[in-house]
2 protein chains.
Amino acid sequence: MDGKIATIQDVARVAGVSTATVSRTLSKPSVVSPTTRAAVLDAVEQTGYRINTTASNLRRQRTGSVIALVPNLANPFFSQILAGMSSVLTEAGLGLLVADTQSGTDPDERLRHFLVSGVADGLIVFDGTLSPQVLDMPGRPPVLMACEWMDRNLPSVTVDNQAGARLAVDHLVQEGHSRIGYIAGPEGNVLSVARQQGFTAALQIHDLPLRADWQYEGDYSMDSGMVAARRWMAMTDRPTALFCASDEMAVGFVGAVQRAGLRVPDDVSVIGFDNIEVVQHLTPPLTTIRQPRNQIGVRAAEMLIEMISAGSLSGPSEVIDVEFMPRSSVGPPRA
Amino acid sequence: MDGKIATIQDVARVAGVSTATVSRTLSKPSVVSPTTRAAVLDAVEQTGYRINTTASNLRRQRTGSVIALVPNLANPFFSQILAGMSSVLTEAGLGLLVADTQSGTDPDERLRHFLVSGVADGLIVFDGTLSPQVLDMPGRPPVLMACEWMDRNLPSVTVDNQAGARLAVDHLVQEGHSRIGYIAGPEGNVLSVARQQGFTAALQIHDLPLRADWQYEGDYSMDSGMVAARRWMAMTDRPTALFCASDEMAVGFVGAVQRAGLRVPDDVSVIGFDNIEVVQHLTPPLTTIRQPRNQIGVRAAEMLIEMISAGSLSGPSEVIDVEFMPRSSVGPPRA
DNA sequence: AAATCTGTTGTAAACGATTGCAACGTATGC
DNA sequence: GCATACGTTGCAATCGTTTACAACAGATTT
């Protein structure tokens with residue numbers, strides 16, 4: 001009793017019943033009589049029995065966990081999403097495994113590995129650069145895309161990126177800007193493309209020029225925001241306001257601009273995307289588009305659980321609204 | 001073959017050998033003859049067989065994953081640590097489960113749950129507020145503390161918090177400060193206490209006064225840094241420099257001070273702790289003490305793996321050095 | 001030529017739970 | 001009083017591996 005861990009057999013012996021009864025007492029208490037139920041629970045208490053999840057999982061043909069595949073675990077953007085996921089998964093008795101796609105050599109191979117390894121009942125994939133063909137595979141678990149997407153037919157939970165871009169442009173226009181630039185995410189990234197499309201569409205609505213030289217390339221990182229700032233500062237005919245595809249880049253941009261002696265928003269207005277924690281404490285606090293990260297995690301988990309219990313590889317998609325967060329990094333353009 | 005997933009039986013049948021041979025081919029290829037090995041691998045290929053980890057784990061009496069218990073999953077501080085852990089765990093064929101302690105009702109109960117649930121081969125615990133007594137339990141898996149600690153006898157990987165504080169104070173003194181305050185972490189938090197001890201000791205070495213009214217309470221959050229700033233600004237006889245137990249608080253402090261029209265470092269010098277990504281892009285870039293977060297994760301994982309394979313509940317502890325990061329948030333005190 | 005060893009393979013018993021099916025006792029319907 | 005139904009329990013198969021042990025063939029030793 002003290003050396004080893006008690007098994008269901010031990011409990012059955014102590015309670016004087018069969019293992020079947022013990023199992024039922026624990027999973028469907030209603031079908032056993034109150035007296036035996038009490039006896040079993042007593043025996044459980046005495047032996048300190050804890051159900052062996054591995055054995056249970058084997059018999060029930062499941063694993064009891066889902067895995068979140070993010071492009072880069074070190075990216076803090078995901079932590080709050082994971083927290084949201086964790087809360088609902090735990091509630092459902094599921095564990096949350098995490099792994100990143102970009103750490104090994106072949107990201108696709110990594111996805112394939114988790115699909116076939118049978119180590120999770122379902123996947124939530126945050127990386128839109130993977131090949132959808134990898135999913136063409138018999139007997140794979142359900143997969144839900146989150147934030148990014150690789151094939152619009154896959155079930156997903158995303159935010160309305162285009163609407164976010166529109167909100168940003170609308171605000172800049174409202175403040176009097178007509179020379180508006182865009183700092184993009186990595187080449188081909190679906191989020192950056194969607195935001196750029198929203199940006200372009202919004203410019204058209206306001207009858208503003210879309211100038212190729214006012215589109216700066218970035219990769220979502222602060223450093224790339226800094227690089228964009230240098231390019232911006234080197235121009236003479238430059239935008240008076242910039243919409244950044246991520247808060248990180250906005251932070252890098254603002255930092256670089258300020259270090260060069262310019263002021264935000266007096267010399268240039270900046271608007272970000274994401275609403276990461278820190279930006280409200282900056283000087284000036286950053287105007288941005290908020291993504292409800294906790295909610296994204298919660299919905300993703302809920303939807304995946306739905307797919308798992310339905311045993312279905314397909315499911316609905318959901319688009320979550322973004323929110324405009326007015327702060328102080330946007331002002332009227334310099335006269 | 002297409003509908004269901006192939007089992008080891010299927011492979012054995014196709015290869016014309018026993019399941020034992022298949023298993024051996026996959027785990028210890030050296031003991032099977034080259035010819036049968038080839039036949040088996042061929043059959044594996046044909047059937048698309050993937051080992052069922054659940055069954056394997058049950059038989060081998062392990063789970064194949066370790067769990068990281070953090071106080072708050074939403075805290076980005078951990079993401080880089082998790083990334084480091086993930087990289088070495090994956091290498092070792094282990095999955096990384098994450099969960100937070102502070103989300104449910106009873107944090108201790110949460111730890112207890114994971115100890116007995118048998119869902120992980122080992123735990124890495126980042127929360128020093130739990131009770132060490134929870135670990136007094138037969139048959140529990142190995143536990144390694146990381147960053148924080150609850151009982152110095154437990155194996156752990158931590159950083160040299162006191163040395164960090166000393167580095168900070170030394171630098172401030174060197175710049176000419178003699179009126180130095182401290183913004184603490186949450187009441188009783190081991191990290192905050194250790195840093196405060198280092199702080200106090202360093203003041204003594206430099207023969208500087210330790211004034212109770214120059215110690216501000218915080219909880220590591222940016223908001224609490226903001227609150228501290230308000231208290232600081234309300235004082236007339238106040239420190240000219242502040243050492244913050246976390247970068248977050250330093251950010252909150254600096255932001256609040258700047259919004260009030262004061263300047264850093266002209267009006268007040270600030271030094272943080274952690275070296276989170278963003279602080280180098282602030283205006284001014286924050287001087288801080290760097291914790292090598294990736295390395296912490298890597299070492300924690302390595303050490304836990306060591307304990308797991310040794311089947312030992314005890315193990316060595318390791319203290320990792322911190323590094324002083326001079327930037328621009330510290331300057332000479334106002335004359 | 002018998003005995004021993006080595007290398008390779010198969011047999012079958014675990015690992016610890018869940019669950020379809022059968023069996024039992026008792027209550028109900030006719 | 002007999003048949004049927006219901007509520008409760010046990011038997012035993014099953015999930016898919018791993019591995020101790022036995023078995024066997026061929027090589028080597030005595």
Side-chain angles (χ1 to χ4, degrees), chain A residues 1 3-41 43-44 47-65 93 116-121 139 141 311, chain B residues 1 3-41 43-44 47-64 93 116-121 139 141:
Chain A
M1 206 155 301
K4 303 238 66 53
I5 274 247
T7 75
I8 202 173
Q9 318 266 3
D10 301 322
V11 180
R13 196 175 321 113
V14 171
V17 298
S18 73
T19 64
T21 303
V22 175
S23 176
R24 281 188 283 249
T25 307
L26 266 25
S27 53
K28 306 191 289 181
S30 61
V31 306
V32 311
S33 80
T35 27
T36 44
R37 194 191 312 156
V40 169
L41 293 180
V44 167
T47 53
Y49 170 70
R50 299 293 161 150
I51 202 165
N52 179 318
T53 18
T54 309
S56 170
N57 286 339
L58 171 59
R59 175 60 226 239
R60 294 166 55 200
Q61 299 283 74
R62 50 164 251 161
T63 71
S65 40
V116 300
S117 67
V119 79
D121 296 330
Chain B
M1 205 153 307
K4 303 238 69 43
I5 274 244
T7 76
I8 202 173
Q9 319 264 6
D10 301 323
V11 180
R13 195 176 320 113
V14 172
V17 298
S18 73
T19 64
T21 301
V22 176
S23 177
R24 279 188 285 251
T25 308
L26 266 23
S27 53
K28 307 191 289 180
S30 62
V31 306
V32 311
S33 79
T35 25
T36 45
R37 193 190 313 156
V40 169
L41 292 180
V44 167
T47 54
Y49 170 71
R50 299 293 158 149
I51 201 166
N52 179 320
T53 17
T54 309
S56 170
N57 287 339
L58 172 60
R59 176 58 228 237
R60 294 165 53 199
Q61 299 283 73
R62 49 163 252 160
T63 71
V116 300
S117 67
V119 78
D121 295 330

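These values consider heavy atoms only, across backbone and side chains, with no hydrogens, waters or symmetry-generated copies. Proteins come first, then strands; the chains are lettered A, B, ... in the order of their sequence lines, and each starts at number 1.
- Side-chain atoms of B:Ser56 and B:Thr53 form no donor-acceptor pair, as typed in the model, at a separation below 3.5 Å.
- Straight-line distance from the CD1 atom of B:Ile5 to the C1' atom of D:dC15: 14 Å, rounded to whole Å.
- Using a 4.0 Å heavy-atom cutoff across all strands shown, B:Thr36 reaches sugar-phosphate atoms only and no base atom.
- At a threshold of 4.0 angstrom between heavy atoms, the contacts of A:Val22 with the nucleic acid are absent.
- A 6.0 Å sphere centred on CZ of A:Arg37 holds more than 12 heavy atoms belonging to other residues, nucleotides or ligands.
- What separates CG of A:Asn57 from P of C:dA17 is a distance of 12 Å, to the nearest Å.
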Take B:Thr54 and A:Thr54 through the test side-chain contact (heavy atoms from CB on, under 4.5 Å) and record every step on the way to the result.
CA-CA 6 Å; B:Thr54 309; A:Thr54 309; 4.2 Å; yes
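- Using a 3.5 Å distance cut-off with no hydrogens or angles, the side chains of A:Thr63 and A:Asp121 do pair a donor with an acceptor.
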Under 3.5 Å between N/O atoms: give me all the protein pairs with nucleotides 19-21 of chain D, atom names plus distance.
unit_1: D:dT19; atom_1: O4'; unit_2: B:Arg59; atom_2: NH2; d: 3.4

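- Remark: C1' of D:dG16 and CD1 of B:Ile51 are 9 Å apart, rounded to the nearest angstrom.
- In this structure, B:Leu58 places its CG atom 14 Å from P of D:dC15, rounding to the nearest Å.
- Distances shown here put a side-chain N or O of A:Tyr49 below 4.0 Å from the OP1 or OP2 atom of C:dA17.
- For A:Arg62, the CZ atom is densely surrounded, since the number of other residues' heavy atoms within 6.0 Å is greater than 12.
- No side-chain heavy atom of A:Val32 sits under 4.5 Å from any side-chain heavy atom of A:Val40.
- Atoms CG (A:Asn52) and P (C:dC15) sit 11 Å apart, rounded to a whole Å.
- Here the side chain of B:Ile8 is nearest to one of C:dG16, D:dT17, C:dT18, namely D:dT17.
- Regarding contacts with the backbone of C:dG16, a side-chain N or O of B:Gln61 is found under 4.0 angstrom from either OP1 or OP2.
- Distance check: B:Asn52 CG to A:Ser117 OG gives 10.0 Å after rounding to the nearest 0.5 Å.
- Whole-Å rounding puts the B:Asp10 CG to D:dC15 C1' distance at 14 Å.
- At a threshold of 4.0 angstrom between heavy atoms, the contacts of A:Thr54 with the nucleic acid are absent.
- Mapping B:Ser56 and A:Arg37 onto DNA chain D by nearest heavy atom places A:Arg37 at the nucleotide closer to the 5' end.
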